[in-house]
Amino acid sequence: MAKKDIDWANLGFGYIVTDKRYVSNYKDGAWDDGAIVDDPNITLNECAGVFQYAQTVFEGLKAYTTEDGHIVTFRPDLNAERLEESCRRLEIPVLPEGRFLEAVREVVAANEDWVPPYGSGATLYIRPYVMGTNPVIGVKPADEYQFRILVTPVGPYFKGGAKPLTIRVSDFDRAAPHGTGHIKAGLNYAMSLHAIVSAHKEGYDENMYLDPGTRTKVEETGGANFLFVTKDGKVVTPKSDSILPSITRRSLMIVAEKYLGLTVEHREVYLDELGDMAECGLCGTAAVISPVGCIDDHGRKIMFPSGMEEMGPVTKKLYDTLTGIQMGRIEAPEGWICTIK
Ligand code: PLP
Ligand code: COI
């Protein structure tokens, strides 16, 4: 077996069809054994629950090649846990955590040649998802479901690599209802598509969503949580129960405190206080940590002192430590790294 002939260093964040995917079906109240399959296409009835009422949820994680040549994933147990919460909220039957972890392991191992090499700048993105598959016409949950995992090699989520981003305060709400932030459901993301297209048209990299109730507090972007660094070096991340509880953000809070000795605050963050911050970044599986240089609040530009050329110093330390842990250069906390081979 040999690595695929891909220009890893120049990959963007896109879908490339790989050799194998994982599929398990739920019928008559039980999940089948699941299997690795070849066919990337899905044939479903026109009235399937996923099409009619968007009864679908997903997860996102990555596989990394470490410095010493192993293939690993990062805290996949937390993806299993979050998928379970998403499923419960959308009345989708839960795939047990052990099954989820085994499926991730099998699908990554089956696509070993697609896992980008160490140091290439690319990683293997892993996308587990579940959907209602049988016909549903009245508003109710489906009775049959399919769980799948696709994998695809990816480069940086934002074009321009590590160049700081310019984002805008969005007038659109992402319509993630209060208290549903744990859900990674197709529906919430569909509600952000218009906002993202219009932000790009106007020259912004992303949207900053505010709390829809008061429009004074920072929530998150379309695909990542925020983190800020205060002028006295504290790491601050917005607390809200209508944002996705990012595994990257939760991990970075531990990294900041335990590895870098920084003070961490997880609290409500007001748009009004952003002018006092020294650094800003977006964090997530896809975004890793992408620095933000400018936030445009309807023409009022908040320029972070870290500037538009490079990551701020604290953001850089967080980035180096997190990626060091993921790529095996820095010892990980107990249980964070799951070795596949
Ligand atoms: N927020 C949103 C809306 C996301 O889509 C993601 C990506 O999964 C995140 C935050 C970051 O979460 P994680 O760090 O678990 O990837
Ligand atoms: C992830 O980081 O896994 C996400 O779901 C973000 C998505 C915008 C690609």
Side-chain angles (χ1 to χ4, degrees), residues 11-16 56-64 73-86 89 100 104 122-130 149-159 165 167 170 172-177 180-193 195-197 199-200 205-212 218-227 237-256 266 269 280-290 292 318-319 322-323 325-326 336 338:
L11 277 181
F13 195 89
Y15 170 75
I16 294 172
T56 176
V57 296
F58 70 96
E59 267 305 322
L61 66 161
K62 283 175 170 172
Y64 309 84
T73 54
F74 181 73
R75 310 190 78 184
D77 51 316
L78 297 189
N79 295 97
E81 198 175 277
R82 192 171 60 188
L83 183 72
E84 178 170 338
E85 288 181 44
S86 299
R89 186 63 178 76
F100 177 92
V104 169
T123 49
L124 189 76
Y125 187 68
I126 306 167
R127 173 56 65 90
Y129 55 113
V130 199
I149 308 179
L150 69 83
V151 300
T152 186
V154 294
Y157 189 65
F158 293 103
K159 288 191 197 77
L165 307 169
I167 67 178
S170 174
F172 299 102
D173 291 331
R174 203 186 40 150
T180 58
H182 52 281
I183 300 182
K184 277 180 78 71
L187 188 60
N188 286 343
Y189 289 82
M191 289 307 287
S192 72
L193 298 179
I196 188 79
V197 168
H200 286 167
D205 296 299
E206 251 292 5
N207 290 290
M208 166 183 276
Y209 296 106
L210 301 177
D211 72 296
V218 175
E219 296 251 281
E220 59 175 337
T221 66
N225 280 183
F226 277 103
L227 61 87
T237 72
K239 186 174 192 166
S240 160
D241 58 9
S242 55
I243 65 176
L244 194 79
S246 159
I247 294 163
T248 313
R249 190 255 305 153
R250 286 182 269 160
S251 304
L252 283 168
M253 289 169 70
I254 296 168
V255 164
H266 185 215
V269 175
C280 172
L282 306 182
C283 64
T285 298
V288 192
I289 309 180
S290 302
V292 174
L318 287 168
Y319 178 91
L322 177 73
T323 53
I325 290 170
Q326 291 167 334
W336 278 23
C338 175

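Numbering of ligands and ligand atoms starts at 1, following listing order. Numbers here are sequence positions counted from 1. The model shown is predicted, which means the values in this text are computed figures rather than measured ones.
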Which atoms of ligand 1 sit under 4.0 Å from any heavy atom of [X]?
{"X": "G284", "answer": "11 (C), 14 (O), 16 (O)"}
{"X": "A224", "answer": "1 (N), 2 (C), 4 (C), 9 (C), 10 (C)"}
{"X": "N225", "answer": "1 (N), 10 (C)"}

Could you tell me whether the side chain of [X] and the main chain of [Y] form a donor-acceptor pair under 3.5 Å?
{"X": "T56", "Y": "V130", "answer": "yes"}
{"X": "N225", "Y": "L244", "answer": "yes"}
{"X": "D173", "Y": "P212", "answer": "no"}

Should T221 be counted as touching ligand 1, given the test is an N or O pair under 3.5 Å?
no
Consider every N or O of E220 and every N or O of ligand 1, then say whether any pair is closer than 3.5 Å.
yes
R127 and Y129: CA distance, side-chain angles, deciding distance, side chain to side chain donor-acceptor pair (under 3.5 Å) verdict:
CA-CA 6 Å; R127 173 56 65 90; Y129 55 113; over 6 Å; no
What is the closest protein heavy atom to [atom], and at what distance does it sit?
{"atom": "atom 8 (C) of ligand 2", "answer": "Y157 OH, 3.2 Å"}
{"atom": "atom 2 (O) of ligand 2", "answer": "A286 N, 2.8 Å"}
{"atom": "atom 8 (O) of ligand 1", "answer": "K184 NZ, 2.8 Å"}
{"atom": "atom 16 (O) of ligand 1", "answer": "T285 OG1, 2.5 Å"}
{"atom": "atom 6 (C) of ligand 1", "answer": "G223 O, 3.2 Å"}
{"atom": "atom 5 (O) of ligand 1", "answer": "Y189 OH, 2.6 Å"}
{"atom": "atom 1 (C) of ligand 2", "answer": "Y125 OH, 3.3 Å"}
{"atom": "atom 7 (C) of ligand 2", "answer": "R127 NH2, 4.2 Å"}

Measuring from non-hydrogen atoms of E59 to any atom of ligand 1, is the shortest distance under 4.0 Å?
no
Check if G222 has a non-hydrogen atom at a distance under 4.0 Å from any atom of ligand 1.
yes
Does [X] reach the side chain of [Y], with side-chain heavy atoms less than 4.5 Å apart?
{"X": "I247", "Y": "T285", "answer": "no"}
{"X": "F74", "Y": "L322", "answer": "yes"}
{"X": "I149", "Y": "I126", "answer": "yes"}
{"X": "P128", "Y": "L61", "answer": "yes"}
{"X": "N79", "Y": "V104", "answer": "no"}

How long is the gap from CG on D211 to CD1 on I243, to the nearest 0.5 Å?
11.0 Å
Rounded to the nearest 0.5 Å, the CG atom of D205 sits from the NZ atom of K159 at a distance of 9.0 Å
Considering L252, I247, I183, L78 one by one, which has a heavy atom nearer to atom 13 (P) of ligand 1 than any of the others?
I247
Out of L244, T248, V288, L282, who is nearest to atom 14 (O) of ligand 1 when you count heavy atoms only?
T248
I need the atoms of ligand 2 closer than 4.0 Å to a non-hydrogen atom of [X], numbered in the order shown.
{"X": "K184", "answer": "4 (C), 5 (O)"}
{"X": "F58", "answer": "5 (O)"}
{"X": "G223", "answer": "6 (C), 8 (C)"}

Assess, by modelled atom type and distance only, whether the side chains of K184 and Y189 contain a donor and an acceptor separated by less than 3.5 Å.
yes
